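Following: one structure in C-alpha cells, then a few remarks.
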Amino acid sequence: MTPYAPSEIEAKWQAAWDKAETFKATRSDDKPKYYVLEMFPYPSGRIHIGHVRNYTMGDVIARYKLATGHNVLHPMGFDAFGMPAENAAMQTGIHPKDYTYQNIDDMVAQMKPLGLGIDWSRMFATCDPEYYGQQQSLFIDMLDAGMIDRKNATVNWDPVDMTVLANEQVIDGKGWRSGAEVERKDLTQWFFKISDYADELLEALDSLDNWPAKVKLMQANWIGKSRGLQFAFSLVKGIGAHNSVEVYTTRPDTLMGASFVGISPDHPLAKELEQNNADLAAFNAKCRKGGTTAEALEKAEKMGFDTGLCVHHPFDTLWELPIYVANFVMMDYGTGAIFGCPAHDQRDFDFAKKYGLPIIPTFLPSEDSEAELTEAFVPTKTDMVHWVAPFAWSPNTNGTDAINKAIDFCEANGVGMGVTKFRLRDWGLSRQRYWGAPIPVVHCNSCGVVPEKKENLPIELPYDVSFEIPGNPLDRHPTWRNTLCPACGKAALRETDTMDTFVDSSWYFARFTAPHTKTPTEAADAAYWMNVDQYIGGVEHAILHLLYSRFFARAMHKTSHLPESAIEPFNALFTQGMVTHAIFKTETTDGRPIYHYPEEVDLRDGGGFLKDGTQVAIIPSAKMSKSKNNVVDPVAIINQYGADTARWFVLSDSPPERDVEWTASGAEATFKHLSRVHRIACDIVENTDAANQQDEPLLRDMHKAIFEVTQGVESFGFNASIAKLYGFTNTIAKSKAGGDAKRIAIKILAQLMSPITPHLAEDIWNMLGEKKLIANAPWPIAIETMMIEDTITLPIQINGKRRSEITVPKEMSKEDVEKVALTDEAVIKALEGGQPKKLIVVPGRIINVVI
RNA sequence: GCCGGUGUGGCGGAAUGGUAGACGCAGGGGAUUCAAAAUCCCCCGAUGGUGACAUCGUGCCGGUUCGAGUCCGGCCACCGGUACCA
C-alpha cells in the first residue's frame, strides 16, 4: 500500500488538468453556461487563509457545475490599484507598479498549488493599461451619455501636509502623518450620477431572489427613499437676498411641535451671516474641523449657535421660532435646514434642553399619558398614538396616516409640497492620487473641460514619479500634464485626478467575458456568459461595491457595452465569513502586550504555554492581523499537509456565511481523515469478498450520502456535506459488504469529495482503474427508493418533555400510532389510569401526550 | 450616532416550531505494541443518584404555543458597513 503523499499526487493531477485544459472556458451552445466568480483579491503579496476559503467555495461550485453538465466560466484577476502600493512607495521607495506586479506574481505562485479550477488564460489586473484604457473609454461614453457630472465635494484636508486624506488616514480627527487636526474642504470633483438611478436600483432589489435578504435590506436603507414635505419658513426680518428658509421634513405631522429651525454651518444663510458676525464665523470654522465620515459627524458633540433671527410658523404668523446654526444638520441631505421637534426626536430633545427651547408634544402614547416628557417620545410610524396637536386628522391615528394627511393638508393650504427624496448621494470618483486610472479629460483655456479622443487611449500613468513629498505626484510631474486640446489642438493640461478604485471593480466581471478584446466588452461573449450565476465574497461589500456594480451594469447597457439582460449582473450572491485565529498574548512588566506566533505556543491542559513555561492569554476567534501575529500562511499549510487538507478544513467546521476559526489541531485532524480515506481506498482495491446481505445497508447509506452531499453543495451547506462525508466514510470503513459493493461505494465517495478535495479524488478514481478524469465524470444521482428505511423511531413527549420513544413501521397510520403510544410504559405511568387531555401526533416527527 | 448581522458543551458548530448538542476538535478510558508512533473501540452539557432516572440548560428579561435555540416585544455584548481601506 502506498501512503497518502499529497505533494506528489497534487502536482500530478494539476499537471493533468493543465494538459487537458479542463477548466478553459469556451463558448459553446451544446451545454448550459455557468459563470461562477469570487470577489477578486487586492494583490497584497501573500495569499491569506481567507482567500483560500473564498476561492475554495467558488471552486466547489465550479467543479460541481462542471460535473452536472455545465459549460463553466471561473476566472481570476487582481484589483490592483489603490493606496497600499503608494504607502509602500513612501515607506520603502519601491515603485507602485513594480510593487504591484511583483505581488501579483507572488500571489499567483501561491494560488496555483491550491488546485483551483480556474481559466488562468483570462487573468488580468486592473492596473494593466489594457484594462484601465477600456475603463477610460467607458468613462468617455458615460460622459457623452450625460451620466457624469462635475461639482463640489467635501474632502478631508491636512493643513500641514497640504494634501487630501482618505478617511482611513484620519485618526481621531488628525492626519496620520502630520498629526494636524483635519479640516473639511470643498473641491471640484467628478461624479457618477448614480442618484438618477436611485429609484430603479431600489425597485430592482425585489427581483434579486437569490441575494441574501440582509444585503438587499442594507442597500434599500442606504438608498433611503423617503416621502416628506418641503416648505419655506418666512423670515420675520429678511437678510440680504434671504426672505425665507426652505426645509425638508419626513415628519410634517409634528409641525405643531416645532420649537426651532436648524441650519447647516454650510447653509448659504449661515455663510452670509458669518460675513458680519465673527462669533458665528468662529463657530462655523469649529464645526468644519474634523473628518468627513458619517460616523465622525454623527458622534460629534451637538452644538448650536443662536443667529438671533426668527421665522414665522406657517400656521400661526404670531408664533415665532428662532434660527440656530447646528452642526448636526447636513448640507448634502434635504435642503440643509430642518425644523426641530424636541418632543419626538431625541437629538432635537437634547438640543432643546441644552439651549432652553420649549418641548411641545404633538402626540402621546395614550389619552391619559403624562404630557411632561423626560426623553423624546419616538414610536414606530405604525403605532397608534393619541394626538394633542393634530391639524388634519383624528386624535387617534398612527404616524404613517398622519404624515400623509399632513402633506395633503399642507399642499391644499399652500404650505409646501410633498416630495420624495433619497439618502443616496452621487458617487464621487475623483482621487488626488497617483496609483489609479487617470481620468481621461483635458483642461483647455479656450474649450474648458474636454474628453480625450478614444484613439489616444489608454492615457497611461507615467513611470518617472517620486513619493518623497505628500500629495499627488501627477500634479508636480514636469511634462505628463502637458498635452494638446482634443477639440482645438492648442496646448492644454491633463486632469491629474485618478479614479476611485471602486470604478475598477465595478465592471471587471463583464471584462472577464472577453478579457483581451479592444473594446470594453465583446457583444457575443457578454451575451453568452453574463450574468454571473454565482458571486461569492465578503459581506463588507454589501453596500458600496455591489451597489456601484449594479449601477455600472446599467451604465454599460446604456452605452451599449452590455445587453439589457445584464443590468442586474449577479444572479445569485453569497456572502461568506472570515477565517479567524486565536491570539496568544502575554504582557511586559509595564503592561504592554506581546503577541506570540502560534508555533511558539504549546497547547496543553486547557491553556497555552511558551517554551519557558509562561502561560499565555488566549483570545479566541480574532480577525487575522499581521500586528497580532495570528496570521496563518496557506503556503506553510500546503507544504505540510497538502492543498486538499487546507481546502477541506476551511469548509468543514462552520457554515460558509459564518466565520471559521483556524486551528492547528483541526488541520491535522483533516489530514488524518484524508489519509484514512486514501488507506480505505487502497484496501478496497485489493478486496475480493463476495456479495452478501451487508451490501444493502452500505448502498442505502451511499444513496443517502449522494442526496445529502449534493443538497449541501447546492445550498452552500458545505459543512453539512462534509459532516455526511465523514459519516459515509465511517460506514464504508465498518461495512462487511462484498468487494464489488465496496468498490462502488468508494468510487461514489471519491466523486462526492471531488469538488472539495479534487486531487485525492482523482487519485482514488485512477486507483479504481478509471481512465478519464474525475473532474469530467458526471455527478452521481441519488435513487430515492434506495434510501428508504422500513421503520421509524418516534419520540414521545408528556406535556412537552421527552419521556420515551417507540419504533413503528414507517407507513403506520396516525390512529395506529396513537394506539401504540398509549400502550407505552411511560405514558401509562403518567396517565395513572386517566385519559389524556390531548394527544398530538405529528406523522414522522413526534408524539405529545398532554395530561 | 445610524444601518445590518451574530450569541448553543472545554472549543468550532448541528437542529422544515417537534428527541438540544449531528459531525469535528480537545479531554478521559481501553485494545494493539517490548515500548512508542500510527491505527482501532468506548465515554464525554451541568447538578444529584450505585443505578434506572430526576432537575436544570441554547446571551439577559418577558410573551405566544400541546411544544420555542427557532416566532413576537424589550435589553446586553460582540462583529461588519457608514460613501476617499479594499
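Since the structure is predicted, the reported quantities are computational estimates derived from the model, not experimental observations. Side-chain atoms are counted along with the backbone in the values below, which use heavy atoms only and exclude waters and symmetry mates. Every chain is numbered from 1 and lettered A, B, ... according to where its sequence line falls, protein lines coming before strand lines.
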- Query: Has A/N848 got a side-chain N or O lying under 4.0 Å from the OP1 or OP2 atom of B/G18?
  - Reply: no
- Below 4.0 angstrom from OP1 or OP2 of B/A83, is there any side-chain N or O of A/R425? no
- Between A/K354 and A/E301, is there a side-chain N and carboxylate O pair less than 4.0 Å apart? yes
- Is the phosphate of B/A86, meaning OP1 or OP2, less than 4.0 Å from a side-chain N or O of A/T501? yes
- Taking the six-membered ring of A/W222 (Phe, Tyr or Trp), confirm whether the NZ or CZ of A/R423 is under 6.0 Å from its centre and within 45° of its axis. yes
- Is there a side-chain polar atom (N or O) of A/N719 under 4.0 Å from OP1 or OP2 of B/G12? no
- Report yes or no: is there a donor-acceptor pair, N or O only, under 3.5 Å between the side chain of A/Q797 and the base of B/C66? no
- Message: Applying a 4.0 Å non-hydrogen cut-off, can you work out what A/K734 is touching in the nucleic acid: base, sugar-phosphate, or nothing?
- Response: sugar-phosphate
- Counting only side-chain N and O atoms of A/R676, is one of them less than 4.0 Å from OP1 or OP2 of B/C40? yes
- Starting from the C-alpha separation in whole Å, work towards a yes-or-no answer on ring pair (Phe, Tyr, Trp, His ring centres under 6.0 Å) for A/F716 and A/F718. CA-CA 6 Å; A/F716 271 88; A/F718 303 125; 5.3 Å; yes
- Query: Does A/K838 have a side-chain nitrogen or oxygen under 4.0 Å from the phosphate oxygens OP1 or OP2 of B/U65?
  - Reply: no
- Query: Using a cut-off of less than 4.0 Å, is there contact between a side-chain N or O of A/K724 and OP1 or OP2 of B/A22?
  - Reply: no
- Query: Does any residue of residues 183-196 of chain A have a heavy atom under 4.0 Å from RNA chain B, and if so, which ones, in number order?
  - Reply: A/Q189
- Classify the ring geometry between A/Y726 and A/H673 as parallel (under 30°), tilted (30 to 60°) or perpendicular (over 60°). tilted
- Item | Under-4.0 Å salt bridge between A/K724 and A/D701 | yes
- Look at all strands and tell whether A/V164 reaches a base, only sugar-phosphate, or nothing, counting heavy atoms closer than 4.0 Å. base
- Do the ring planes of A/H545 and A/Y508 sit parallel (below 30°), tilted (30 to 60°) or perpendicular (above 60°)? tilted
- Message: Does A/V850 reach a base, just sugar-phosphate, or nothing at all? Heavy atoms under 4.0 Å.
- Response: sugar-phosphate
- Task: Please state whether the base of B/U19 and the side chain of A/R803 form at least one donor-acceptor pair under 3.5 Å?
- Result: no
- Item | Stem list, RNA chain B (Watson-Crick or G-U pairing under 3.5 Å, at least 3 consecutive pairs) | B:1-7 with B:76-82, B:10-12 with B:23-25, B:27-31 with B:39-43, B:45-48 with B:53-56, B:59-63 with B:71-75
- When all nucleic acid strands are considered with a 4.0 Å heavy-atom cut-off, which category describes A/W222: base, sugar-phosphate, or nothing? base
- Query: CZ of A/R679 to OH of A/Y4: how many Å apart, nearest 0.5 Å?
  - Reply: 12.5 Å
- Query: What does A/H541 touch in the nucleic acid at a heavy-atom separation under 4.0 angstrom: a base, only the sugar-phosphate, or nothing?
  - Reply: base
